[in-house]
Amino acid sequence: MQVGSRTLSSPVPCTNPAWGRSAGQARWKPWSRGPQGQQWSLLTVAEPPAPGICSPGGPPGAAARTRRRSGAGGMVSTYRVAVLGARGVGKSAIVRQFLYNEFSEVCVPTTARRLYLPAVVMNGHVHDLQILDFPPISAFPVNTLQEWADACCRGLRSVHAYILVYDICCFDSFEYVKTIRQQILETRVIGTSETPIIIVGNKRDLQRGRVIPRWNVSHLVRKTWKCGYVECSAKYNWHILLLFSELLKSVGCARCKHVHAALRFQGALRRNRCTIM
Ligand SMILES: Nc1nc2c(ncn2[C@@H]2O[C@H](COP(=O)(O)OP(=O)(O)OP(=O)(O)O)[C@@H](O)[C@H]2O)c(=O)[nH]1
C-alpha cells in the first residue's frame, strides 16, 4: 500500500500485552482481519488554525496539494461528518485514533467543536473529509437560526453524515443517542432525509460491563432505525477503520464496494507512516 510516497508494511500488532491471551479476546486481533489490501490510505490531516475554530476550507491550498500529489486521479469528493454523543463516550478518542493512531487515558472534556481535515484515498479515489468533533449538545438545533446562534452547533444541520457514539457500558449514553437521532429526524433540513446516521458502540474492550446486549442494539439500529451499527474500541484501534469505511460507503462512495477487504491496514494510519502534505 502506498501512503504518500512511502510503502507500508504489514499491519502492526496491537500494543495491548494481554491481547489475544484469552479465547474471548483472540477474535479482536487486528491482524486477524484477513490479507492486506490496497484500497485505503490516509494522505494528510490538516487541522484548523486554532482549537475549536472551524475553517471549512482548511489551511490554504491543503486540499489542492492533496489533489496534486496523491496521484490517485479523478474527482475529489468532500464529505462533512459530525461526531456526536454524550460526555466521555470516546468521540475524540475515536477521531484521534483514526487520524493519528494515538490514544490517551486522560479524559479531556471537549468544550468547543473541533474540525479535522483529513484526506483519504480509498480504492484510488481521494476523499476530503471534514470531521467535526462536537462537545455534548443539549439538543439538536431545530432550525438554522438556532444552529448558528449556538457556536457549538454550527454546521450541524448541513453535514453529510452523523456518527452517534455511545459507551456500551453506559445506558444513559445510549438514551442520549436515541434522543439525538430522533431530534435529527424531526428537525433536519428538508431534502436531506437520506443523510446517513451510523450508531457506534465504543469501549468494546470493556465488554464485560456492557449494559445492553449487542444483538438487541444491533437489531434495533439496523432493522428499525435503518442506520449503520459498528462496535469499536478507540483504545485498541479495533474497528475504527471499519467505522470510517462504513461511513464513506454510506455517504455515497461508489467505489467502496469492497471496503471490508480493506480493514487490514490499521498500521497504515500511524502518523509516522503517513506523508503530511
Ligand atoms: N477503555 C476504553 N476507554 C476509552 C475508549 N475510548 C475512550 N476512552 C476513554 O474515555 C474517556 C473519554 O474519552 P474522550 O475521547 O475524551 O470522550 P469524548 O466523548 O470526546 O468526551 P467529551 O469530549 O467530554 O464529550 C477517556 O478517559 C478515554 O481514555 C475505549 O475504547 N476504551
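When a ligand or atom number is given, it counts from 1 through the structure's own listing order.
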J.: Out of Lys203, Glu231, Lys235, whose heavy atom sits nearest atom 10 (O) of ligand 1?
T.: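 When every heavy atom of Lys203, Glu231, Lys235 is considered, Lys203 comes closest to atom 10 (O) of ligand 1.
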J.: Parallel, tilted or perpendicular: which describes the rings of Tyr166 and Tyr229, with under 30° parallel and over 60° perpendicular?
T.: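 Ring orientation of Tyr166 relative to Tyr229: parallel.
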J.: For the 3.5 Å polar cut-off, considering only N or O atoms, please tell me whether Cys232 and ligand 1 meet it.
T.: no
J.: List ligand 1 atoms under 4.0 Å from Ala93, heavy atoms only on the residue side.
T.: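 Counting atoms of ligand 1 from 1, those under 4.0 Å from Ala93 are 6 (N), 7 (C), 15 (O).
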J.: Taking the side chain as every heavy atom from C-beta outward, state whether Ile197 and Thr195 have any pair of such atoms under 4.5 Å apart.
T.: no
J.: Using heavy atoms and a threshold below 4.0 Å, how should the contact between Phe103 and ligand 1 be classified: side chain, backbone, both, or neither?
T.: side chain
J.: Below 4.0 angstrom from a heavy atom of Ser233, which ligand 1 atoms are there? Numbered from 1 as shown, please.
T.: 31 (O)
J.: Provide, to 0.1 Å, the distance between atom 6 (N) of ligand 1 and the closest protein heavy atom, together with that atom's residue and name.
T.: Asn202 ND2, 3.1 Å
J.: What protein heavy atom lies closest to atom 16 (O) of ligand 1? Include the residue and the distance to one decimal.
T.: Val108 O, 4.0 Å
J.: Once the angle between the rings of Tyr79 and His160 is folded into 0 to 90°, is it parallel (under 30°), tilted (30 to 60°) or perpendicular (over 60°)?
T.: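 Tyr79 vs His160 ring planes: perpendicular.
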J.: Test of understanding: with side-chain contact (heavy atoms from CB on, under 4.5 Å), list the residues that count as partners of Cys152, not counting sequence neighbours.
T.: Pro135, Asp150
J.: As an exercise, state the distance from OH of Tyr176 to CD1 of Ile137, rounded to the nearest 0.5 Å.
T.: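 Rounded to the nearest 0.5 Å, the OH-CD1 separation comes out at 4.5 Å.
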J.: Counting from 1, what ligand 1 atoms have a heavy atom of Glu105 closer than 4.0 Å?
T.: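 Selected atoms, number and element: 26 (C), 27 (O), 29 (O).
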J.: Starting from atom 21 (O) of ligand 1, find the nearest protein heavy-atom neighbour and note its residue, name and distance.
T.: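 Going by distance alone, atom 21 (O) of ligand 1 is nearest to Gly88 N, 3.1 Å.
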J.: Hey, is Ser104 touching ligand 1 through its side chain, its backbone, both or neither, going by heavy atoms under 4.0 Å?
T.: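 Backbone only; the side chain of Ser104 stays clear of ligand 1.
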J.: Sort out for me which residue in Leu99, Val83, Asp133, Val165 forms a side chain to side chain contact (heavy atoms under 4.5 Å, CB included) with Ile94.
T.: Val165
J.: Examine the proximity of ligand 1 to Val165 and report which part, side chain or backbone, both or neither, has a heavy atom under 4.0 Å away.
T.: neither
J.: How long is the straight-line distance from CG of Leu132 back to OG of Ser158, given to the nearest 0.5 Å?
T.: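 CG of Leu132 is found 8.5 Å from OG of Ser158.
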J.: For ligand 1, is there an N or O atom under 3.5 Å from any N or O atom of Ser92?
T.: yes
J.: Which is closest to atom 25 (O) of ligand 1 by heavy-atom distance: His239, Lys91, Arg96, Arg114?
T.: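 Among His239, Lys91, Arg96, Arg114, the closest heavy atom to atom 25 (O) of ligand 1 comes from Lys91.
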J.: Please name the pair of heavy atoms, one in Arg210 and one in Cys169, separated by the smallest distance, quoted to 0.1 Å.
T.: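 Residues Arg210 and Cys169, closest heavy atoms: N-SG, 4.1 Å.
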J.: Mind checking side-chain contact (heavy atoms from CB on, under 4.5 Å) for Val81 and listing every partner two or more places apart, or none if nothing turns up?
T.: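 With sequence neighbours excluded, Val81 shows a side-chain contact (heavy atoms from CB on, under 4.5 Å) to Ile163, Leu247, given in chain and number order.
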J.: If you round to the nearest 0.5 Å, how far is CZ of Arg204 from OH of Tyr236?
T.: 13.5 Å
J.: If we set the cut-off at 4.0 Å for heavy atoms, which region of Ile94 has an atom near ligand 1: side chain, backbone, both, or neither?
T.: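 The answer is neither.
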J.: Please state which protein non-hydrogen atom is closest to atom 24 (O) of ligand 1 and give its distance, to 0.1 Å?
T.: Arg87 NH1, 2.8 Å
J.: Under a 4.0 Å heavy-atom limit, does Asp205 contact ligand 1 with its side chain, its backbone, both, or neither?
T.: side chain
J.: Any idea which protein heavy atom is nearest atom 31 (O) of ligand 1, and the distance to it?
T.: Ala234 N, 2.9 Å
J.: Check whether the side chains of Asn101 and Gln97 place a donor and an acceptor atom closer than 3.5 Å, and report yes or no.
T.: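 Yes, because at least one side-chain N or O of Asn101 sits under 3.5 Å from a partner of the opposite role on Gln97.
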J.: Give a yes-or-no answer on whether the side chains of Ser218 and Arg222 include a donor-acceptor pair shorter than 3.5 Å.
T.: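 Judged by distance alone, the side chains do pair up.
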J.: Give yes or no for whether the N/O distance cutoff of 3.5 Å, strictly under, is met between Gly90 and ligand 1.
T.: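 Between Gly90 and ligand 1 (N or O atoms, distance only) the closest approach is under 3.5 Å.
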J.: With heavy atoms of Thr110 as the reference, note each atom of ligand 1 found under 4.0 Å away.
T.: 20 (O), 22 (P), 23 (O), 24 (O)
J.: Hey, does Pro136 sit under 4.0 Å from ligand 1 if you only count heavy atoms?
T.: yes
